[in-house]
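Some notes on the structure that comes next.
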Protein chains: 2
Amino acid sequence: MALTYREAYQVPFYESDVNQNMKLPQLLSLALQISGKHSLKLGVSDDVIFNKYNLVWIITEYDIEIDRLPKYAETIEIETEAIAYNKLFCYRDFRIFGQDGQQIMTIHSTFVLMDFDTRKVHTVVDDIVKVYECEKIKKIIRGPRYSQLDNPTETLYHVRFFDLDMNGHVNNSKYLEWMYESLEYDFLLCHVPKKIQLKYIKEVAPTSQVSSRLVTTALHSQHEIVVEGHIHAQATIEWRERDDAR
Amino acid sequence: MALTYREAYQVPFYESDVNQNMKLPQLLSLALQISGKHSLKLGVSDDVIFNKYNLVWIITEYDIEIDRLPKYAETIEIETEAIAYNKLFCYRDFRIFGQDGQQIMTIHSTFVLMDFDTRKVHTVVDDIVKVYECEKIKKIIRGPRYSQLDNPTETLYHVRFFDLDMNGHVNNSKYLEWMYESLEYDFLLCHVPKKIQLKYIKEVAPTSQVSSRLVTTALHSQHEIVVEGHIHAQATIEWRERDDAR
């Protein structure tokens, strides 16, 4: 088993939704922040790998299993572990524990290293990842195959100034927000996600016009984020009715 | 001088904008969270006043002075103090200190107590505010008079599920985001706010269609948030060119 890193976090009011659940885009941002702290502690912070190698970490896929979401004011624990890597991909898990110590979520994530200037994927640098004491594997862990959506509904979004992060592109967490928002308010009020698979394909630039495409069947939704005819992200979400629904 | 409460906070990646400044809507949310902790420490948490009096705190006005915004990864200190109150209004200041100890921002805020069921303003309850050891005054501190905007430009927003907070209305911080987003991307890239005056008039309900109205003159912008012809918030912002603009 590789080294793990763990932090406690109390869910603030402003990261809680109308159902008193933590907003999932916020939780993904927080998880990334915690993986950043893990790296910092091991001497391979984002600054170090940028200055030494001109590389940046990019998330390419999420596979998220949700028993329940963290609640408002709950003190959760987030544990992260760099599970394994191969020539191109690094696999990192996040385990979320509720205040009672029970594991409530698992976030499997796939990262690649990108050259900052060419914006191309770079092979994994052993010197960067060896500090996590994780296993080098040959296998490529593949997410689902996403087929192109047939006759989707479309909701349009204009990229906002505050959607961008310091890299000058739309922050990862916003894609999920656009996917959520394509669903009806009444549906979101009464359902919570059970499993989310999300693949990032291409960055979204400032001032873009974004189309959030959607196909739904009962408790399953399929999503595409499209800019100028090109797919920038794909996802499928399995939903369940809220236990505590009004 | 009344009791003060102070907390340190390190600005995370996901709350930093493309210019490496902390996103101001996030900072307002954080400040509110810290005033909540101040109240909790003094035994008059939101839960207590809701359970005992059926009252909730509502922000009605901000007056924000900004020397500079907090930067990415900077550890700031936020100090809050309930300055004074009269029959209807409570005045609370937040002072933001940079990592070098210099004060970089002041947020003057006005709160009222609202009856949760009638949604009407309630007179200030002495038993709630006495613990802050702040002065009772006769004077009403008034913000600027906002005149109705003449021939504004309009940008339309649909209220999102994640814009709402646990009260079932749009979170305060979102109004400022809609105001910002009515300005051009290139303007926001090269300017930072110097002074913001913002008045909340009416809550915004789920699924509303919101119009963000704007009139600008050089380094000054005037804003209205309008829903179905009614003004829900008004603001004026003074801007300055970024010292570190590219």
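In this structure, CD in E15(B) is found 12.5 Å from CG in D165(A), a value given to the nearest 0.5 Å. Separating the CG atom in D17(A) from the CG atom in D163(B) is a distance of 12.0 Å, to the nearest 0.5 Å. Atoms CD and NZ, from Q10(A) and K37(B) in turn, are 6.5 Å apart once rounded to the nearest 0.5 Å. Taking CG of L156(A) as the start and NE2 of H158(B) as the end, the distance is 13.0 Å to the nearest 0.5 Å. Taken to the nearest 0.5 Å, the OG atom of S16(A) stands 10.0 Å off from the CG atom of N171(B).
Heavy atoms of F161(B) lying under 4.5 Å from chain A belong to its backbone as well as its side chain. Contacts between L30(B) and chain A at a heavy-atom distance below 4.5 Å involve backbone atoms as well as side-chain atoms. At a 4.5 Å heavy-atom cutoff, the contact between S29(B) and chain A is made by backbone and side-chain atoms alike. Of the atoms belonging to E181(B), it is side-chain heavy atoms, and not backbone ones, that fall under 4.5 Å from chain A.
The residue among P12(A), S173(A), G168(A), G36(A) with the most heavy atom pairs within less than 4.5 Å of chain B is P12(A). Per-residue heavy-atom pair counts under 4.5 Å with chain A were compared for H169(B), Q26(B), E177(B), and the maximum is reached by E177(B).
Shown here is K71(A), whose NZ atom has more than 12 heavy atoms of other residues, nucleotides or ligands within 6.0 Å. Heavy atoms of other residues, nucleotides or ligands lying less than 6.0 angstrom from CD of E184(A) number 12 at most. With a 6.0 Å radius and a threshold of 12 heavy atoms from other residues, nucleotides or ligands, K195(B) has its NZ atom above the threshold. For E154(B), the CD atom sits in a packed shell: over 12 heavy atoms of surrounding residues, nucleotides or ligands are nearer than 6.0 Å.
L176(A) is not listed as a side-chain neighbour of F162(B), based on a closest heavy-atom distance of 4.5 Å or more.
Side-chain atoms of Q33(B) never come within 3.5 Å of backbone atoms of Y14(A) as a donor-acceptor pair (strictly under, hydrogens ignored).
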